[in-house]
Amino acid sequence: MDRQRISSGSPYEPMFGYSRAVKVGNQVFVSGTAAIDASGQVIAPGDAYAQTITAFQRIETALAEAGATLADVVRTRVFATNLKRDWEAIAKAHGELFGDVRPASTAVEAQLLKSEWLVEIEADAVIN
């Protein structure tokens, strides 16, 4: 089966040896995605809602390169540094993007790579 690797140009990809996303057959697996720009600087410091939206925009870009859309997402995994404080902002953003799609989803509190990151998100998609 063909394997397509998708890069976002993140400085972390070559350092860690991973791809932003990998497409195998009709499945797309998007790596943990944070709200950072091409140089690795955090976008929207202190704003969990804006970071969640930004992460999903980056995920949407990777999905598009693989021939998928947010409507093809079947699972998301949300890692947050402080779920007690930020869950409503994160849930609001997730709900706005996936209200009709309603993928399986898990939220976990975690220590992330950078202290400014409030959220990091993985997504899996199946292209119809």
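Keep in mind that the numbers below use all heavy atoms, side chains included, and drop hydrogens, waters and symmetry copies.
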NZ/K114 to CD/E120 distance, rounded to the nearest 0.5 angstrom?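 Reported value, rounded in 0.5 Å steps: 12.0 Å.
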What is the distance from atom OG1 of T33 to atom CD of Q51, rounded to the nearest 0.5 Å? 12.5 Å
Do [X] and [Y] land in one hydrophobic cluster if side-chain heavy atoms of ILVMFWY residues count as linked below 4.5 Å?
X: V28; Y: F56; answer: yes
X: I59; Y: I6; answer: no
X: W117; Y: I121; answer: no
X: F29; Y: V126; answer: no
X: Y18; Y: M15; answer: yes

Using every non-hydrogen atom in the two residues, find where [X] and [Y] come nearest and quote the distance to one decimal.
X: L118; Y: A48; value: CD1-N, 3.5 Å
X: E96; Y: I53; value: OE1-CD1, 4.2 Å
X: R58; Y: S10; value: NH2-CB, 4.3 Å
X: A66; Y: K23; value: O-NZ, 3.0 Å
X: S105; Y: T76; value: OG-OG1, 2.7 Å
X: R20; Y: G32; value: NH1-O, 2.9 Å

Give a yes or no on this: more than 12 heavy atoms of other residues, nucleotides or ligands lie within 6.0 Å of atom CZ of R5.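 No, not enclosed.
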Could you check if a side-chain atom of L70 sits within less than 4.5 angstrom of a side-chain atom of V101, using non-hydrogen atoms only? no
Quick one, D86 and T52 - any side-chain contact, counting heavy atoms below 4.5 Å? no
Parallel, tilted or perpendicular: which fits the ring planes of H94 and F98, with parallel below 30° and perpendicular above 60°?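 Ring orientation, 0 to 90° scale: tilted.
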Could you please spell out the steps behind the salt bridge (charged side-chain N to carboxylate O under 4.0 Å, His left out) verdict for R77 and D124? CA-CA 9 Å; R77 290 171 203 83; D124 301 334; 2.9 Å; yes
